[in-house]
Amino acid sequence: MTTTNSAIPVTRFAPSPSGHLHVGGARTALFSWAFAKGREGKFLIRIEDTDQKRSSDAASVGFLRDLEWLGIRWDEGPEFTAPDGTRVGGGPHGPYFQSERLSLYNRYCQQLIDAGKAYESWDTPEELDALRKDATARKEAFRYRCRGETTAADRARFLAEGRQSVVRFRSGFEAVTIHDEVLGEATLPAGEVDDFVIRKKDGFPTYHFAVVVDDELMGVTHILRAQEHFTNTAKHILLQDALGFRRPVYGHLSIIKNPDDSKMSKRDKDKVLRKAVKERGLTAPPADSVSLVEWASWIGDENVQLSLEGAIALAQALKVTLPEINVDDFRRSGYLPEVLCNFLALNGWSPGGDVEKFDNAFLLQRFGLDRVMKTPAKFDRLKLLAFNTDAITGMPPEVFAKRCHEHARQFRPEFLAKLGDAKFALLMTACQERSKTLDDPFRSTAFLLTEDAALEFSDDKNVRKALGIGTPSADGGKSGLDHLRAMRVILGTVGDWSQPTLEAVATAYANEQAGGKIGAVAQPLRIGVSGSTVSPPIWDTLVLVGKSSALPRLDRCIAWAAATAGQ
RNA sequence: GGCCCCAUCGUCUAGCCUGGUCUAGGACACCUCCCUUUCACGGAGGUAACGAGGGUUCGAAUCCCUCUGGGGUCACCA
């Protein structure tokens, strides 16, 4: 064996095709990228689409956009045009889709067969299954071994029976030592690796074979991947030796877990939904959620995942919140890509000392395998949120406004349409210091979009207290509803509907009628125009709603409160 | 179950390799108080960990062993 000892590292991220990049994959990509780019190396992407059962059309590489959004760009790989027009991808080692590299795999596969290091194997699934059951019954781990030479006569018989062969690697009985830059050194005892399949009956290579061939051909020097591949590494090493390939440096990254200790996975959304469906004893899809067809296949098989749209619709119908798993989920929720990268890097790596806020440039400069954690990390969304909050409240206001605008353009177009530039700008200044995400300004001001006549007043404890419904004010003075009535009249006469004027008018009233307690006036007004006790600062809110909407809303609120109090 | 790996506050982690400076540091969360027109932000404090047991040593979070706990893997999926 030869160990790759190039001064310039080449790393890769090699996912199976999927529409979305989940946080675990994002971290692997981030680390691989940082490792290579911090050492003047190359980072490439390869799509591992050797499973024909999973769809692998070009449309299913949505994760490329997620990667680009995170600021991770690849020197070689699938071609992609970033939103800013930059062309990414391509390169001299393509194609970068494994399904387009079959002839390459076949060449090396034949080489192994010719050398007697691999052989055709004709077992049926049923026979293999029987073998496995047998091993289980004897409490042994099943290890496939060559079951004797297949003669020409056997071969003819199998063919006549309609059997199809696979190619298996003759792995031998040697112990295999894996050097891992993260986990250290581990030795798999002799006999642990069986004669695994390297070419499936459909002619496609298995993951193990394709990965080894491609990493060699693409000059990959360092492989950072999920820890679930650790044991597989033995197979890859055996293959590399048999093929006379160089051996890359390995680093296996621990998995990322949910707070409840379960492995964070793409299926978590479905898990939440299945639970809700079961709890409610539903036997048919709720109206306006998923189609009967999708529902049927989803209910029938625990392994089936709902489409993203289906999952969102069903979650809405069931009133459950889907966990954010994919990079895109966080994007929609208004997280900043630089914060996500920072936080992702902190799950499994740290620069040492007390430093924990950093950008990708810093990561690129400082990242090394020696400081990668061996232990699985739990993904703490609250801490992520805290990081995001810091980043947002610390932004120059114009940057916040610009990024929020971009977010709104993609996910909240209705606000853009309704507010117009001036009010949108006001919304930004009103909301920045109380926003944790780019989406918060919109999430917290849904009442702005509501038709005046359709605004609902939330009948909860805080509202009742502020309006004095059911609980006459302790001092026997005026209730919130009384103040609201008075303010409605005053506001009707206000000509200059601006924050300073509104505040001055209300303050004057409060000093005279509410003992100077501005809150006694502000809260009822807030409820009146927003429907609840939570909104941006009241004067801003009044301006955002506008006089022509505020007055009818206050009227409706007064009527509603009077009716509610009367009961 | 076989094989492999791992083990510091509730969580992410610093410290461990090169034992003493660790009565174990930071951050998030949590609790208390302050600020406050709501919600947030902010400010000041506080609770909280070396999984257990044996060694080695003058001295162990740091080195060794056992146990316990956790993770990964055992496919014609990647």
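In what follows, every chain begins at residue 1, and chains take the letters A, B, ... in the order their sequences are listed.
- Base engagement by A:Glu356 is indicated by at least one non-hydrogen atom pair under 4.0 Å involving a base atom.
- At a threshold of 4.0 angstrom between heavy atoms, the contacts of A:His208 include nucleobase atoms, whether or not backbone atoms are also involved.
- Rounded to whole Å, the separation between the C1' atoms of B:rA52 and B:rA7 comes to 12 Å.
- Picking from B:rC77, B:rA29, B:rC76 the nucleotide with the shortest atom distance to the side chain of A:Val197 gives B:rC76.
- The pair A:Arg145-A:Asp195 meets the salt-bridge criterion, since a charged nitrogen lies less than 4.0 angstrom from a carboxylate oxygen.
- A:Asp66 places a side-chain N or O within 3.5 Å of a backbone atom of A:Leu21 that can act as its donor or acceptor partner.
- Neither OP1 nor OP2 of B:rA7 sits under 4.0 Å from any side-chain N or O of A:Thr375.
- Under the Watson-Crick or G-U wobble criterion, with both distances below 3.5 Å, B:rC74 is paired with B:rG1.
- Listed pair A:Arg168 / B:rC76 meets the phosphate criterion, a side-chain N or O lying under 4.0 Å from OP1 or OP2.
- The side chain of A:Lys383 contributes no N or O atom lying less than 4.0 Å from OP1 or OP2 of B:rC28.
- Across B:rC28 and B:rC22, the matching C1' atoms stand 22 Å from one another, rounded to whole Å.
- Between the OG1 atom of A:Thr437 and the CZ atom of A:Phe330 there is a distance of 12.0 Å, given to the nearest 0.5 Å.
- Across the P atoms, B:rG19 and B:rA29 are found 37 Å apart, a figure rounded to whole Å.
- By the 4.0 Å N-to-carboxylate-O rule, A:Arg443 lies close enough to A:Asp439 to be salt-bridged with it.
- Syn is the conformation of B:rC41, whose glycosidic angle sits no further than 90° from 0.
- For the pair A:Lys378 and B:rC9, the criterion of a side-chain N or O lying under 4.0 Å from OP1 or OP2 is not met.
- Candidate nucleotides B:rG2, B:rU11, B:rA78 were compared by shortest atom distance to the side chain of A:Ala141, and B:rG2 ranks first.
- Between A:Met373 atom CE and B:rA7 atom P there is a gap of 9 Å when expressed in whole angstrom units.
- When the nucleotides B:rG26, B:rC77, B:rC28 are ranked by their closest atom to the side chain of A:Asp354, B:rG26 comes out on top.
- On the P atoms, B:rU8 is 28 Å away from B:rU57, given to the nearest whole Å.
- Rounded to the nearest Å, the gap between the P atom of B:rG70 and that of B:rC63 is 24 Å.
- When the nucleotides B:rC12, B:rC5, B:rA78 are ranked by their closest atom to the side chain of A:Tyr207, B:rA78 comes out on top.
- To the nearest whole angstrom, the two P atoms, one in B:rU47 and one in B:rC31, are 16 Å apart.
- When heavy atoms are screened at a 4.0 angstrom cut-off, A:Leu382 is found touching the sugar-phosphate backbone but no base atom.
- In this model, the phosphate group of B:rC74 is not approached by any side-chain N or O of A:Arg143 to a distance below 4.0 Å at OP1 or OP2.
- Counting to the nearest Å, the P atom of B:rC12 and the CZ atom of A:Phe343 are 9 Å from each other.
- With respect to the salt-bridge test (charged N to carboxylate O, under 4.0 angstrom), the residues A:Glu48 and A:Arg225 do not qualify.
- For the pair A:Ala520 and A:Gly184, both in contact range of RNA chain B, the more 5′-proximal nearest nucleotide belongs to A:Gly184.
- Remark: A:Arg371 is in phosphate contact with B:rA14, judged by side-chain N or O atoms under 4.0 Å from OP1 or OP2.
- A donor-acceptor pair under 3.5 Å is formed between the side chain of A:Asp180 and the backbone N or O of A:His252.
- A donor-acceptor distance shorter than 3.5 angstrom exists from the side chain of A:Arg371 to the backbone of A:Ser350, with no hydrogens or angles considered.
- Among B:rU37, B:rC12, B:rC3, the nucleotide with an atom closest to any side-chain atom of A:Ile518 is B:rU37.
- With C1' as the reference atom, B:rG59 and B:rU21 are 14 Å apart, rounded to whole Å.
- Under a cutoff of 6.0 Å and an axis angle of 45°, A:Arg168 and A:Tyr144 form a cation-pi pair.
- B:rC12 atom C1' lies 15 Å from atom CG of A:Asn258, rounded to whole Å.
- No option in A:Thr206, A:Leu112, A:Asn106 other than A:Asn106 meets the side chain to side chain contact (heavy atoms under 4.5 Å, CB included) test with A:Arg199.
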Under 3.5 Å between N/O atoms: give me all the protein pairs with nucleotides 62-73 of chain B, atom names plus distance.
unit_1, atom_1, unit_2, atom_2, d
B:rG72, O2', A:Gln227, O, 3.3

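- B:rG20 and B:rU32 have their C1' atoms separated by 37 Å, given to the nearest Å.
- Among the heavy atoms of the strands, none lies under 4.0 Å from A:Ser121.
- Residue contacts for A:Pro15: at a heavy-atom cut-off of 4.0 Å it reaches no nucleic acid atom on any strand shown.
- Looking at A:Ser32, its side chain does come within 3.5 Å of a backbone N or O of A:Thr28 through a donor-acceptor pair.
- In this structure, A:Asp202 reaches neither bases nor backbone, as no heavy-atom distance under 4.0 Å exists between it and the strands shown.
- Checking B:rC77, B:rC76, B:rU37 against the side-chain heavy atoms of A:Arg132 singles out B:rC76 as nearest.
- Ion pairing between a basic and an acidic side chain is recognised when a charged N comes within 4.0 Å of a carboxylate O; A:Lys357 and A:Asp390 show such pairing.
- Residue A:Thr50 places its side chain closer to B:rA78 than to any other of B:rU38, B:rC5, B:rA78.
- Under 4.0 angstrom from either OP1 or OP2 of B:rC76 there lies no side-chain N or O belonging to A:Arg163.
- For the salt bridge (Lys or Arg N to Asp or Glu O under 4.0 Å) with A:Glu127, the qualifying choice from A:Arg132, A:Lys133, A:Arg163 is A:Arg163, the only one to do so.
- Residue-level contact check: A:Lys201 touches the bases, meaning some heavy atom is under 4.0 Å from a base atom.
- Each side-chain hydrogen bond (donor to acceptor under 3.5 Å, both in side chains) pair with one or both residues in residues 426-435 of chain A, not counting sequence neighbours, would appear here, but there are none.
- Within 4.0 Å (heavy atoms only), A:Phe142 reaches sugar-phosphate atoms of the nucleic acid but no base atom.
- When rounded to the nearest whole Å, the span between CZ of A:Phe387 and C1' of B:rA29 equals 13 Å.
- Mapping A:Leu183 and A:Asn347 onto RNA chain B by nearest heavy atom places A:Leu183 closer to the 5' end of the strand.
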Could you list all N or O pairs between the protein and nucleotides 39-46 of chain B that sit under 3.5 Å apart?
unit_1, atom_1, unit_2, atom_2, d
B:rC39, O2, A:Arg434, NH1, 3.4
B:rC39, N3, A:Arg434, NH1, 2.3
B:rC39, N4, A:Arg434, NH1, 3.2
B:rA40, O2', A:Arg434, O, 3.4
B:rC41, OP1, A:Lys436, NZ, 3.2

